[in-house]
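In what follows, a single structure is set out as C-alpha cells and then discussed.
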There are 2 protein chains.
Amino acid sequence: MARTGGPSRERIVAGAADLISRRGLNAASIREVAKHAEAPLGSTYHYFPEGKQQLATEAVRYAGTAVGRVLSEELGAGPVAGLRAFLALWRGIVVDSDFRAGCPVLAVSVEEPPADEIPPALAAAAEAFEGWESLLAESLGEHGVAPDQAADLAALVVASVEGATAMCRARHSAQPLDRIARQLETVIAAALGRPA
Amino acid sequence: MARTGGPSRERIVAGAADLISRRGLNAASIREVAKHAEAPLGSTYHYFPEGKQQLATEAVRYAGTAVGRVLSEELGAGPVAGLRAFLALWRGIVVDSDFRAGCPVLAVSVEEPPADEIPPALAAAAEAFEGWESLLAESLGEHGVAPDQAADLAALVVASVEGATAMCRARHSAQPLDRIARQLETVIAAALGRPA
DNA sequence: GCTAGACTATGACGAGCGTTATAACCAGAG
DNA sequence: CTCTGGTTATAACGCTCGTCATAGTCTAGC
C-alpha cells in the first residue's frame with residue numbers, strides 16, 4: 001500500500017525536521033524518522049547514503065529555508081509585520097504541539113559535535129540563523145536603520161525568539177514568547193521611528 | 001587511589017551539568033558522567049537511586065542556583081551590572097569551551113519528555129529560568145521600572161542570552177552574544193530613564 | 001579487633017542505536 | 001516475454017545505553 005503518490009524523500013526530510021525539533025538530534029533515530037514518514041528504513045539509506053549526518057543536515061536546511069520563505073514574504077509589509085509573522089510562526093509550532101516541538105535548528109545547535117571537525121549539520125544551522133538575521137537586517141536597513149544597528153537588532157530578534165521557544169516548552173506556557181513579543185515590537189518601533 | 005578528599009556526589013552533579021550542556025540530555029550518558037567525575041558507575045546509582053532522571057534534575061538545579069547566585073551578587077551594583085555579569089558568564093562558558101559547551105538548562109528544555117507526564121528535570125529547568133527572570137525583574141523594579149515592563153524585560157534578557165549562546169555555538173563565534181549585549185544595554189538603559 | 005553500614009568494583013540483562021548486506025519486489029524498455 | 005535498475009523488505013553486525021545484582025572494600029564506633 002502506502003500508495004506513495006508523493007515524493008517520499010521530502011516527507012522523510014520534513015519528518016526528520018519535526019522529530020529533531022521535538023526530541024533533539026541524538027534522540028531522533030532514523031528508524032523513527034522512517035516510521036513517522038511511512039517510509040521503509042532501507043529507503044532512508046537509499047535516499048541519504050551518507051547516513052544520519054546527511055539527513056540531519058537536509059532537515060536543518062529544510063526548516064531554515066521554509067522559515068526564511070515565510071519571513072521573506074511577510075517582510076514585504078515592513079519589519080514589524082515580519083517580526084509579528086516570525087513570532088506567530090514559532091508560537092504556533094510550540095502551542096499547537098502542546099509545548100512538545102520547537103526549533104530543529106536550535107536543537108542541532110546545542111549538541112556537541114562528536115569529533116573535532118565541524119559537522120555539516122551544525123554548519124547548516126549557522127547558515128539558517130544567518131539567513132534569518134540577514135532578511136531582518138536588510139528589511140530594517142531599507143526602512144532607515146543604520147546597518148550596524150540593523151544587524152544587532154536582527155540578532156536580538158532571532159536569539160530571543162529561539163530562547164523563548166525553549167522557555168515556553170519548559171514552562172508549558174506561551175508567556176515567554178508573548179513577553180518578548182511586546183518588548184521586541186517597542187524596540188523595533190523605536191529604531192524605526194526615532195533615529196537614536 | 002581517587003584520594004577522594006572531596007564530596008564526590010557534588011562532583012558528579014557538576015560534571016553532569018557540564019556534560020549535559022555540551023552533548024544534550026539524551027547523549028550525556030551516566031557512564032560518561034561517572035568517568036568525567038572520576039567516580040565509579042556504581043556510585044552514581046548509590047547517590048542517585050532514581051537514576052538518570054534524578055541526576056539530570058539535580059544537575060539542572062545545580063546550574064540554576066549557581067548562575068542565580070552570581071546574578072544575585074552582581075545585581076547589587078544595579079541592573080546594568082547584573083546584565084553585564086550574566087552576559088559575561090555565558091560568554092565565558094561558550095568561548096572557553098571553544099564553543100562546545102552551553103547552558104544545561106536550555107539543553108534540557110529542548111528535548112521532549114518521553115511520556116505525557118512532565119519530568120522533574122523539565123520542571124527544574126522552568127524553575128531555573130523563572131529564578132533568573134525574577135532576580136532581574138526585581139532589580140529593575142527597585143530602580144523604577146514598572147512591574148509589567150520589568151518582567152517583560154527580564155524575559156527578553158534571559159531568552160536572548162539563551163538563544164545567543166546556541167547561535168554562538170553554531171557559528172563558532174561570539175558575535176551573537178556581543179550583538180545582543182549592545183542592544184540589551186541600550187534597551188535597559190532606556191527603561192531606567194537614562195537618556196539613550 | 002570486630003562488626004555494621006556506606007561506598008566501590010564488576011559484570012550482566014534487554015533494548016535500541018547507526019549501519020550494512022542481501023534478497024525480493026516491480027515498473028517500464030527491448 | 002525477458003531483462004534491468006530503482007525501490008523496498010528483512011536480518012544481522014557491533015556498539016552503547018539505562019538499570020540492576022552481587023560481591024568486595026573501606027571506615028567508624030564499640
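Proteins come first, then strands; the chains are lettered A, B, ... in the order of their sequence lines, and each starts at number 1. Remember, predicted model here, so these are calculated numbers, not experimental data. The basis for the numbers below is simple: all heavy atoms, side chains too, and nothing from hydrogens, waters or symmetry mates.
- Remark: I20(A) CD1 to E111(B) CD distance equals 12.0 Å, nearest 0.5 Å.
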Yes or no on side-chain hydrogen bond (donor to acceptor under 3.5 Å, both in side chains) for R171(A) and Q175(A), after CA distance, side-chain angles and deciding distance?
CA-CA 9 Å; R171(A) 198 178 301 186; Q175(A) 194 183 56; 3.0 Å; yes

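- Each of H46(A) and E32(B) was matched to the nucleotide of DNA chain D holding its nearest heavy atom; the match closer to the 5' end belongs to H46(A).
- Side-chain proximity of Y45(A) to dT8(C), dT7(D), dT20(C): nearest is dT20(C).
- Distance, I12(A) CD1 to dG18(C) P: 14 Å, rounded to whole Å.
- The nearest whole Å value for the distance from the CD1 atom in I30(B) to the C1' atom in dT16(D) is 13 Å.
- At whole-Å resolution of the value, CZ in F48(B) and P in dG18(D) are 14 Å apart.
- Both A28(A) and A39(B) lie close to DNA chain C; mapped to their nearest nucleotides by heavy-atom distance, the more 5′-ward contact belongs to A39(B).
- With the end axes of the helix from dG1(C)-dC30(D) to dG30(C)-dC1(D) each set by five pairs, the angle from one to the other reads 10° at 10° resolution.
- Judged by distance alone with a 3.5 Å cut-off, no donor-acceptor contact links the side chain of R31(A) to the base of dG16(C).
- Here S43(A) reaches the OP1 or OP2 of dT8(D): one of its side-chain N or O atoms lies under 4.0 Å away.
- Straight-line distance from the CG atom of N26(B) to the P atom of dG18(C): 12 Å, rounded to whole Å.
- Rounding to whole angstrom units, NZ of residue K52(A) and P of dC15(D) are separated by 19 Å.
- Each ring-ring contact (aromatic ring centres under 6.0 Å, His included) pair with one or both residues in residues 171-192 of chain B, not counting sequence neighbours, appears once here: F99(B)-H172(B).
- Rounded to an integer number of Å, the gap from K35(B) NZ to dG18(D) C1' is 16 Å.
- For the side-chain contact (heavy atoms from CB on, under 4.5 Å) with V161(A), the lone residue among L87(A), L83(A), L89(A) that qualifies is L87(A).
- Distance Q53(B) CD to dC17(D) C1': 17 Å, rounded to the nearest Å.
- For residues 71-82 of chain A, the set of pairs meeting the side-chain hydrogen bond (donor to acceptor under 3.5 Å, both in side chains) definition, not counting sequence neighbours, is empty.
- Salt bridge R91(B)/D96(B): absent, no basic N to carboxylate O contact under 4.0 Å.
- In the set dT7(D), dT19(C), dT19(D), dT19(C) carries the atom at the smallest distance from any side-chain atom of L41(A).
- Rounded to a whole Å, the CD atom of E38(A) is 12 Å from the P atom of dT8(D).
- The side-chain heavy atoms of P79(A) and L136(A), taken from C-beta on, include no pair separated by under 4.5 Å.
- In this structure, the nucleotide among dA9(D), dG18(D), dT19(C) sitting nearest to the side chain of S29(B) is dG18(D).
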